[in-house]
Amino acid sequence: MKKLMLGNEAVARGAFEAGVTVASSYPGTPSTEITEFIAKYDEIYSEWAPNEKVAVETAIGASTAGGRALSAMKHVGLNVAADPLFTVSYIGTNGGLVLVVADDPGMHSSQNEQDSRHYAIGAKVPMLEPSDSAECKEFTKKAFEISEEFDTPVILRLTTRVAHSQSLVDLEDRQEVGVREYKKDIAKNVMIPANARPKHVMVEERTKKLAAFGETSDLNRVEMRDTKIGIIAAGISYQYAREACPTASILKLGMIHPMPEQRIRDFASKVDTLYVVEQLDPVIETYVRGLGISVIGKEKFTLLGEYSAQMLRETILGEKAKETKKAEEIIPVRPPVMCPGCSHRGVFYVLKKLGLTVTGDIGCYSLGCAKPLEAIDTIVCMGGSITAAHGMEKARGKDFARKTVAVLGDSTFIHSGITGLIDVVYNKGTTTTIILDNSITGMTGHQQNPSTGFTIKNEPTRNVDLEMLCHAVGVDRVVIADPFDVDNFEKVVKEGIAAEEPSVIIAQRPCALIKKAGYTGLYVINDKCKNCKLCMKLGCPAISLTEKGPKIDETLCVGCGLCPNVCKFGAIERVEK
Amino acid sequence: MNIMIVGVGGQGTLLASRIIGAAAINLGGDVKLSEVHGMSQRGGSVVTYVRYGESVASPIIEEGEADVILAFEQLEAYRYISYLKEGGSYIVNTQKTDPMPVITGAMEYPADILAKMEGMGIRVTACDALSLAKEAGNIKATNVVLIGVMAKHTNISKEEWEEAIRQTVPAKFLEVNLAAFRLGYEA
Ligand SMILES: Cc1ncc(C[n+]2csc(CCOP(=O)(O)OP(=O)(O)O)c2C)c(N)n1
């Protein structure tokens, strides 16, 4: 049966068919749906881990115990999991171990544009890159076979356009591979220097064997057509090359580390002009040049963003872009915004009003940096908010901490914020931290996390009590407050920053898009409105300014009840929908 | 055939693309569909590409290549005019949603968008899909009204579109959605 499947769904299907036993992941666009789809298969144990390092380590444990195991993450997630990756490369596997990493060229929803292929080279593990959903499924299964045959973890690399495109996939049955025997094996599994030294020798040997495998494997393939132009490409770039240059010859690499030297030499010798088409860094190109082969790459193609078929037509074929119609005025941009009813809106309204320095973090609340709130000073990486505020205090002194707060979400706090809070307590900082507890991992599309009380399969479980956790690491001042009660929230924030000790404020209100929020009805502006425009300061997409003053859009209002709390004239009233 | 769907996150563009995908598969050829998730619920500008035919390589539709553009909102229609193929058709929902620069007063919502598009020689089919969806019984069916309007501009028959809706929409919303489709088709 052929089914239209998202690349991510096809990876999940591949894991199912490959007989995977355990999947542990942390969400991150564009990888999240892989594990969400895996969770629909009862044959696979699946979980959301607190972060990517924990997820990969859990997968390693499952592999060591003999099960096939998978962990999926976005590109920056692999940074977090890099530590176990580099050493499990030495250990190898028992049951197959596959890490799926999704890069985001063009940064559709990421804070940087890193190229994960460097990790495969650095950690000396094979990396496969599919170019459509059918290959997503096929390569996932191949990855497990390679992992077991060559005793190595395998990385499957996706990019946004492969992960989030749908194409046709043939479904097959699950192979019941079972769980392999587990035997205690200290020399293999205990990485102390004495054991790691011989293992490093094994790793170098393994890379040679994998390279030899790549010379004959059908993961790599040559499509000989006209020989004037030859293109080496992998992943989505292969599709762009086919689209733009249907008559050119293509060496399509499915395994992008290690690379097949002889096949590249052969291909290069058969074509007149050789191009490497790869988004982001010149990884393939550098390898090809290292073989002494002359090739056109990054001198013609950018290091930045996504490629397109049109770009290849222009660069390779010299075709001009089509004339297209253009508007003669500037069209206002439509950036993503906090949703109507977003629980974070009240927090940023107060922080902006108080004019505080705000160290931010990664989540829906990152949007607090945008107009009209513009209430965030810094964002680096997940968990980077509390530590940034702590560093600022240590550089500028305690007085600076009296007008600084760190903000981060519940999922982010558990991911890697808690270690920063421990740093504050241990090193006598006085940072104020606001945990935006909206009872869900919002940004990535509503995943459960350890603080929500539910598992990936929505089964009830023990939840981390954030208040108790903060107390346990040594924060005495922990206050829970509703961010929509703006007057009280302002008071709580002022008290928090005034205190010369670490403070945590847990801003509790569910994400407006989850059931728990339970909003009904909507709000309208009545004739008591004095047109003071204070409600406009909230930056709610449901409130816009008309000639007669602010107006609430009935199709957008969710009835959250924040705007009546900031109106000084009682001009915003609730009506039933 | 290249169909693009443009709109504002949260408007139900994803369901529309699933229906188009289902209709395209039923034709028996190759299909690719591409969308960027993540920001879809956050009110940003969203684009989905659907391509079908004998063989499809790239999942992306580029400037000047769309046979049909289905716009869920006027400003978003205006934003993507460069993607329409010469002679292609533009289906535009007349609904307007202010983007943040307009809400904050930094910019104005462009006036007379549909007239300007027609003035540029674009074939525009405008439709008040929200009102028709209300008539069908649920404002959430706006997306399916628009599919109905678009259906006439494709090489897929009315019956095939209805079949795709049956395959895609949950049973309890099927009647509303079929009614919405027919209102759009007859509009
Ligand atoms: C290392 C890393 N892993 C994953 C992500 C993807 N990501 C961005 S925000 C986010 C979660 C945010 O959840 P939460 O902190 O609860 O805030 P919310 O979005 O609910 O407001 C995730 C997983 C990332 N940016 N970096």
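Quick caveat, the model's predicted, so the values are computed rather than measured. A, B, ... follow the sequence lines: proteins, then strands. Residue 1 opens every chain.
Interatomic distance, CD1 of I331(A) versus OG of S45(B), reported as 10.0 Å (0.5 Å rounding). Expressed to the nearest 0.5 Å, how far CD1 of I231(A) lies from OH of Y240(A) amounts to 14.5 Å. A distance of 12.5 Å separates CG of L33(B) from NE2 of H164(A), quoted to the nearest 0.5 Å. Atom-to-atom distance recorded for C136(A):SG and M5(A):CE is 10.5 Å, nearest 0.5 angstrom. Interatomic distance, E162(B) CD to Q167(B) CD, rounded to the nearest 0.5 Å: 12.5 Å.
Between K32(B) and E243(A) no salt bridge is recorded (no basic side-chain N to carboxylate O distance below 4.0 Å). Classification of R51(B) and E65(B) as a salt-bridged pair fails, no side-chain N sitting under 4.0 Å from a carboxylate O. The pair E223(A)-R242(A) fails the salt-bridge criterion, with no side-chain N (NZ, NE, NH1 or NH2) lying under 4.0 Å from an Asp/Glu carboxylate O.
Below 4.5 Å, heavy atoms of chain A meet no heavy atom from residues 169-187 of chain B. Of all residues in residues 91-113 of chain B, those placing a non-hydrogen atom less than 4.5 angstrom from a non-hydrogen atom of chain A are T97(B), D98(B), P99(B), M100(B), P101(B), V102(B), I103(B), T104(B), M107(B), E108(B), P110(B).
Between chain B and the options S544(A), P335(A), P541(A), A327(A), the largest number of non-hydrogen pairs under 4.5 Å is found for A327(A). Chain B forms the most heavy-atom pairs under 4.5 Å with one residue out of L545(A), V333(A), D553(A), and that residue is V333(A). Most heavy-atom pairs under 4.5 Å with chain A: of the set P59(B), G121(B), A57(B), this distinction falls to A57(B). Between chain A and the residues I60(B), V56(B), D30(B), the largest count of heavy-atom pairs under 4.5 Å involves I60(B). In terms of non-hydrogen atom pairs under 4.5 Å with chain A, the most contact-rich of E76(B), E86(B), M117(B) is E76(B). For the options R79(B), M120(B), E63(B), heavy-atom pairs under 4.5 Å to chain A are most numerous at R79(B). Interface summary for chain B: among S167(A), A309(A), P332(A), the most heavy-atom pairs under 4.5 angstrom belong to P332(A).
Interface residue I81(B): backbone and side-chain heavy atoms are both found under 4.5 Å from chain A. With a 4.5 Å cut-off on non-hydrogen atoms, I543(A) touches chain B through its backbone but not through its side chain. There is no contact between V50(B) and chain A, counting heavy-atom distances below 4.5 Å. T32(A) does not touch chain B: none of its heavy atoms, backbone or side chain, sits under 4.5 Å away. For P30(A), no part lies under 4.5 angstrom from a heavy atom of chain B. Neither the backbone nor the side chain of Y83(B) comes within less than 4.5 Å of any heavy atom of chain A. Both the backbone and the side chain of K326(A) come within less than 4.5 Å of a heavy atom of chain B. Only the side chain of K116(B) comes within contact range of chain A, with at least one heavy atom under 4.5 Å from a heavy atom of that chain. Residue C540(A) touches chain B through its backbone alone, counting heavy-atom pairs closer than 4.5 Å.
With a 6.0 Å radius and a threshold of 12 heavy atoms from other residues, nucleotides or ligands, K140(B) has its NZ atom at or below the threshold. Heavy atoms of other residues, nucleotides or ligands lying less than 6.0 angstrom from NZ of K325(A) number more than 12. Residue-environment remark: NZ (K158(B)) exceeds the threshold of 12 foreign heavy atoms within 6.0 Å.
Closest heavy-atom contact between Y80(B) and I69(B): O-CD1, 3.7 Å. Residues N531(A) and P550(A) approach most closely at OD1-CD, 3.5 Å, considering heavy atoms. Residues I20(B) and W161(B) come closest through the heavy atom pair CA-CZ3, 3.8 Å. Annotation for A133(B) and A141(B): closest pair CB-C, 3.8 Å, computed over non-hydrogen atoms. Summarising the geometry of I61(B) relative to A66(B), their closest heavy-atom pair is CG2-N, 3.9 Å, with the distance given to 0.1 Å.
Each of K137(A), K2(A), K3(A) was scored for a salt bridge (charged side-chain N to carboxylate O under 4.0 Å, His left out) with D170(A), with one residue passing: K2(A).
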